[in-house]
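Only one structure is covered here, and it is reproduced in the block below.
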Amino acid sequence: MSNNISIASWNVNSLNVRLPHVLQWLETNPVDVLGLQETKMTDEKFPADAIRDAGYQVAFSGQPTYNGVALLSKAPAEDIITDPPNVTDEHRRIIAGTVNGIRVINLYVVNGKAVGDEKYDYKLDWLKRVNNWIEDETARHDKLVVMGDFNIAPADADIHDPDAWRDQILCSKPERAALQRLLDMGYVDTFRQFDQEAETYSWWDYRQAAFRRNMGLRIDLVLASTALAAQCSSSIVDKEPRRWERPSDHAPVVAEFAV
DNA sequence: ATGGTGGTACCACCA
């Protein structure tokens, strides 16, 4: 017997503004798991009731103004972690839980601002610590998803203008090396397991009419562990909500697994 | 060279 599990990630850039977008998207895309990033709200203000009314359980880790992550799921999420060992960070960037037997790690990776900036150093240190923790999680579980806003474009094919972005923030070699460490653990970028339309991205700056001109980057990823990647049946970027009124600058990404 | 948030009624910070 076989069961399809769909798992999605979406940087909403303020859940306060984007709650209607999330609820509307879930109506036509009733995924089993949805990880949100940049909720930008405290836990006290989190719209848990509205999300439960839509048929989802929800766990969240927020703070005022910045960052903030949430994990929505039809089935209950167990063993929730928001503060992994040795990842001491005031920023609310991590939420992990086990849903339908799959360990789901939802990340809002540090942006880093610019190569050489102190925030860039923080990004690389954060990635090192989080990778160490994911290595431990990977040893404990068989089926895992590591997803979220990685703020790293894996390859030139994920960048609208690779020459302009060469070695810049989101594209630099040390950032890609941190992502490569996950691939070396056996994780697979599910998007690249399938034929995709050329120049498919997941984030477009609000400025310069970047979306209309498709000046984007693919920085939102659903990685699956070796065992789970073998069961992945599709992986896509859903650009539709980026066309809606008052959109997030990111599109949701969705992977489906036959488990 | 836009958009979100939050402190103060325009400006700072972050992406």
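All values derive from a computational prediction rather than experimental measurement. Letters A, B, ... mirror the listed sequences (proteins, then strands); counts begin at 1.
- Going from atom NZ of A:Lys45 over to atom C1' of B:dG4 covers 13 Å, rounded to whole Å.
- B:dT8 and B:dG3 have their P atoms separated by 25 Å, given to the nearest Å.
- Shown here are the salt bridge (charged side-chain N to carboxylate O under 4.0 Å, His left out) partners of A:Asp238, two or more places apart in sequence or in another chain: there are none.
- Rounded to an integer number of Å, the gap from A:Phe211 CZ to B:dA15 P is 23 Å.
- Between the P atoms of B:dA15 and B:dC10, the separation comes to 27 Å (whole Å).
- Counting only heavy atoms from C-beta on, A:Tyr206 has its side chain closest to B:dG3 among B:dA15, B:dG3, B:dG4.
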Practice task
Classify every nucleotide of nucleotides 7-14 of chain B by which part a protein heavy atom approaches to under 4.0 Å, writing B for the base, S for the sugar-phosphate alone and - for neither, in 5'-to-3' order.
Solution key: ------BS
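- For the segment residues 10-22 of chain A, residues with any heavy atom less than 4.0 angstrom from an atom of DNA chain B are, sorted by number, A:Asn13, A:Ser14, A:Asn16, A:Val17, A:Arg18.
- With sequence neighbours left out, A:Lys173 forms a salt bridge (charged side-chain N to carboxylate O under 4.0 Å, His left out) with A:Asp167.
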Only pairs under 3.5 Å count here: list side-chain donor-acceptor contacts from residues 68-76 of chain A, not counting sequence neighbours, and write none if there are none.
unit_1, atom_1, unit_2, atom_2, d
A:Ser73, OG, A:Ala75, O, 2.7
A:Lys74, NZ, A:Pro30, O, 3.1

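- For residues 168-201 of chain A, no pair satisfies ring pair (Phe, Tyr, Trp, His ring centres under 6.0 Å), with sequence neighbours left out.
- Residues meeting the ring pair (Phe, Tyr, Trp, His ring centres under 6.0 Å) test with A:Tyr120, sequence neighbours left out: none.
- Between A:Val145 and the choices A:Val222, A:Ile105, A:Leu223, the side chain to side chain contact (heavy atoms under 4.5 Å, CB included) rule is met once, by A:Val222.
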Handout entry: 5'-to-3' dot-bracket of DNA chain B (Watson-Crick, G-U; under 3.5 angstrom; crossing pairs as [ ]; | other strand)
Key = .(((((....)))))
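- Remark: A:Asp156 engages A:Arg166, A:Arg176 in a salt bridge (charged side-chain N to carboxylate O under 4.0 Å, His left out) (not counting sequence neighbours).
- Regarding contacts with the backbone of B:dA15, every side-chain N or O of A:Arg207 stays at 4.0 angstrom or more from both OP1 and OP2.
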Which atom pairs, one a donor and one an acceptor, fall under 3.5 Å between side chains of residues 45-57 of chain A and the rest of the protein, sequence neighbours left out?
unit_1, atom_1, unit_2, atom_2, d
A:Tyr56, OH, A:Val31, N, 3.4
A:Tyr56, OH, A:Val31, O, 2.6

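- Of the two residues near DNA chain B, A:Thr39 and A:Gln208, the one whose nearest nucleotide lies more 5' is A:Gln208.
- Using a 3.5 Å distance cut-off with no hydrogens or angles, the side chains of A:Gln180 and A:Asp184 do pair a donor with an acceptor.
- Residue pairs meeting the side chain to side chain donor-acceptor pair (under 3.5 Å) criterion with at least one partner in residues 222-237 of chain A, sequence neighbours excluded, are A:Thr190-A:Ser235.
- Checked against salt bridge (charged side-chain N to carboxylate O under 4.0 Å, His left out), A:Arg18 has no partners two or more places apart in sequence or in another chain.
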